[in-house]
Amino acid sequence: MPKMTGHRYFAEAMKGYGVSHLFYVNTVIPPAMVEIGKIGATQLVIAHGEKAAAYMADGYARASNKPGVCLCQDIGSTNLAAGVRDAYMAGSPVIAISGGQNDMPRYRHAYQNAEDHTAWDGVTKANYSVDTATRFPDLLRQAFRDATSGAPGPVHLELRGNAGQVLDKEADYDTRVEERFTSFPPFRPCAELADIQAALKEFKEAAKPIIVVGGGAVKSLAGAEVVALADTLQIPIATSLHARALVPDDHALGVGVPGSYSRWCANKAVAAADLVFFIGSHTGGQVTNGWSIPKIGTRTIQLDINPNELGRNYPNTVSLCGDVKVTLMAMLAQAGSATSRAPRLEWLEQVRGYVADYWAESDPLRHSDEVPIRPERMAKELGEWMPSNAVLVVDTFHAALWTAQMTKMKAGQRYIRCGGSLGWGFPGTLGVKAALPTAPVIGFAGDAGFYYHMAEMETAARAGINAVMVVNNNYSGGVAEAAMFQKEVNFSNVANSMGCVGLRVEKPADIRNALDKALACGKPAIVEIVGNAAIRAKRAWAPAGVTGE
């Protein structure tokens, strides 16, 4: 094994694992950053805050299907953990590395010293302390294994020393890189054949089956298989927010997003079903509108790589434990002889009626020329303008609501949404663009969400991360009809002062021209759209007498 410092080993490991960007806040393992610069395989992105760095790593991981890496020194550890919480909720493989304790200053009121290692336990799959330099290689390899295997998720490594000085030591480091864990999923187990046949038998006997597909299908890269199974069995498909773009909006079997951030047509379809097939879904409160859609007791089939999720919220009629892609391929191979020959024409007509009625109700609002601009019109313009290979990255709350309800996605596009933390949208968009430098990456957030990390405009300009960020600026934060924020603030002017391109839109007809300019400018661009503060998205539809969450 070659002799080197831990800093040199870290630089070599990042190259070996194919990590193209590191997102961090100074000062953590500074000698390692120097070594990374010498190797030249990994770009260093210094953020203005630890949460933003974690959000960037999260966006990077979800866009690239590779672990994202973020770092900070000891004093920023809990800030970084707060950012990693979103990756944990979204099941994103982020590896967070922070400085930590050292023996001499411990328990002595040392400057910037706190016992916060356990703060990571609730937001990671694994939380390790690196107490000696020689343990760093095997624990870093374990972090990549943990992050990518099974259901992906974040991992934390705490390096001894406030800035990770444990890596100062020169030693014989094991430089092996486990290629299998450089991306996810590293393993693809298939559900058992007997369970697959039992599931297909349920489909054959069901009168009104429906598929609800979640983020596990996205992580498994199983979009084609999901659509193929629905086409083969002639079953409608509802997509969670995480799986939003797996089924194009013009697909005949697509019903849209169900749950609390939803289209009512999708909720009605799922509520009316007599068999629900959850694919790669946690069956959590958001996708089921507080476990009201479908109602508890509906016959369910669930496919998940994590056996702990099977039947967690809905007792399963059939449980399928396996990787989504290979299990659906096995189901397709069996489907020809196991499914009903009679198409469910009445059921399909019922569901398509829900969808047609939804768009008939929504389209007048989507085409509105009102000023200030309605969010329905913003969402429509985004969907119609985005190139066929575009990635739409959205913040939580109204940004997710409007794009779930009113934006139509096309085949070949991707949709990446915040796991739940307002403010994720802009840094998350930068992380996605870092992972996909040649793709059109468009972020969407409200003013309240953008305010969280608007300092990262300077980061984007400095690092050359040329994403387009669209901001619905209605000065309200989405919580009151009256203005909550100062109307004197002009995001486009701030963007220009930070080295980005700022564009301000006040009329609906000018939206697409501004988006064209933003995409073509060759710099990070902020498109500020002045929105109507009085407009609120509809609350989710639920069966009579049910309120949801």
Side-chain angles (χ1 to χ4, degrees), residues 89 210 212 214 236 238-244 249 254-273 276 281-296 298 313-314 351 353-366 368 370 372-380 382-383 394-409 415 417-422 425 444-449 472 474 476-482 484 531-549:
M89 292 187 293
I210 196 166
V212 176
T239 53
S240 75
L241 275 172
H242 281 302
R244 171 78 176 81
D249 277 297
V255 301
V257 178
S260 52
Y261 285 20
S262 60
R263 296 176 187 169
W264 62 253
C265 53
N267 277 1
K268 282 194 173 183
V270 176
V276 179
S281 170
H282 284 160
T283 65
Q286 188 176 65
V287 75
T288 62
N289 196 28
W291 305 281
S292 67
I293 301 168
K295 66 180 180 180
I296 302 295
T298 302
N313 293 319
Y314 289 87
V351 170
Y354 293 151
V355 175
D357 289 347
Y358 175 81
W359 289 117
E361 175 187 278
S362 302
D363 277 344
L365 302 176
R366 294 173 74 242
S368 170
E370 287 182 26
I373 301 169
R374 292 188 69 102
E376 298 96 333
R377 179 67 183 269
M378 295 182 205
K380 167 190 169 291
L382 268 176
V394 302
D395 213 340
T396 193
F397 200 31
H398 285 99
L401 276 163
W402 291 121
T403 53
Q405 294 178 0
M406 299 292 169
T407 300
K408 292 187 177 183
M409 303 295 292
Y415 181 97
R417 55 74 58 115
C418 168
S421 303
L422 189 65
F444 183 58
D447 48 4
N472 173 12
N474 59 20
S476 77
V479 297
E481 292 188 11
M484 188 169 83
N532 190 326
I535 309 302
R536 294 289 176 268
K538 284 190 173 183
R539 292 183 63 85
W541 178 91
V546 177
T547 59
E549 59 179 353

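Atom set for the values below is all heavy atoms of this structure, side chains included, hydrogens, waters and symmetry mates excluded.
- The side-chain tip of K408 points at the ring of W359 from less than 6.0 angstrom away and within 45° of straight on.
- Of all heavy-atom pairs between V212 and P258, the closest is CG1-CG, 4.4 Å.
- Inter-residue side-chain proximity for D363 and Y358 is flagged as unmet; no heavy-atom pair is nearer than 4.5 Å.
- Between R263 and D249, the shortest heavy-atom contact is NH1-OD1, 2.8 Å.
- To the nearest 0.5 Å, atom CE of residue M89 and atom OG of residue S421 are 4.0 Å apart.
- Between F444 and L382 the shortest side-chain heavy-atom distance falls below 4.5 Å.
- Scanning for salt bridge (Lys or Arg N to Asp or Glu O under 4.0 Å) contacts around R374 gives E370, E376, with sequence neighbours left out.
- A distance-only check finds no donor-acceptor pair linking the side chain of S368 to the backbone of L365 [under 3.5 Å].
- Between T239 and A243 the shortest heavy-atom distance is CB-O, 3.5 Å.
- Under a 3.5 Å cut-off, the side chain of N532 and the backbone N or O of I373 do not form any donor-acceptor pair.
- Take K295 and apply the side-chain hydrogen bond (donor to acceptor under 3.5 Å, both in side chains) test, not counting sequence neighbours, and it matches no residue.
- Residues passing the side-chain hydrogen bond (donor to acceptor under 3.5 Å, both in side chains) test with Y354, sequence neighbours excluded: Q350.
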Walk me through it: do N472 and H398 pass the test side-chain contact (heavy atoms from CB on, under 4.5 Å)? CA-CA 10 Å; N472 173 12; H398 285 99; 5.9 Å; no
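- Atom CG of residue L401 and atom CE of residue M406 lie 10.0 Å apart, to the nearest 0.5 angstrom.
- Every side-chain hydrogen bond (donor to acceptor under 3.5 Å, both in side chains) that Y415 has, sequence neighbours left out, goes to T403.
- Closest heavy-atom contact between G214 and S240: CA-OG, 3.4 Å.
- Annotation: side-chain hydrogen bond (donor to acceptor under 3.5 Å, both in side chains) contacts of W541 (sequence neighbours excluded): none.
- Annotation: side chain of R417 is not in contact with side chain of R244 (no heavy-atom distance under 4.5 Å).
- No side-chain donor-acceptor contact under 3.5 Å links W264 and Q405.
- To the nearest 0.5 Å, the span separating CZ on F397 from OH on Y261 amounts to 6.0 Å.
- Across all non-hydrogen atoms, the minimal contact from I296 to W291 is CG1-O, 4.0 Å.
- Contact record, A404 with L241: CB-CD2, 3.6 Å, taken as the closest heavy-atom pair.
- The residues E361 and K538 are annotated as salt-bridged, a charged nitrogen and a carboxylate oxygen being separated by less than 4.0 angstrom.
- With hydrogens and angles disregarded, a donor-acceptor distance shorter than 3.5 Å links the side chain of D447 to the backbone of S476.
- Side-chain contact between T407 and K380 is absent, with no heavy atoms from C-beta onward closer than 4.5 Å.
- Residues forming a salt bridge (Lys or Arg N to Asp or Glu O under 4.0 Å) with K268 (at least two apart in sequence, or on another chain): none.
- The side-chain heavy atoms of T288 and N313, taken from C-beta on, include no pair separated by under 4.5 Å.
- For the side chain to side chain contact (heavy atoms under 4.5 Å, CB included) test with N289, the passing option among S260, P543, P294 is S260; the others fail.
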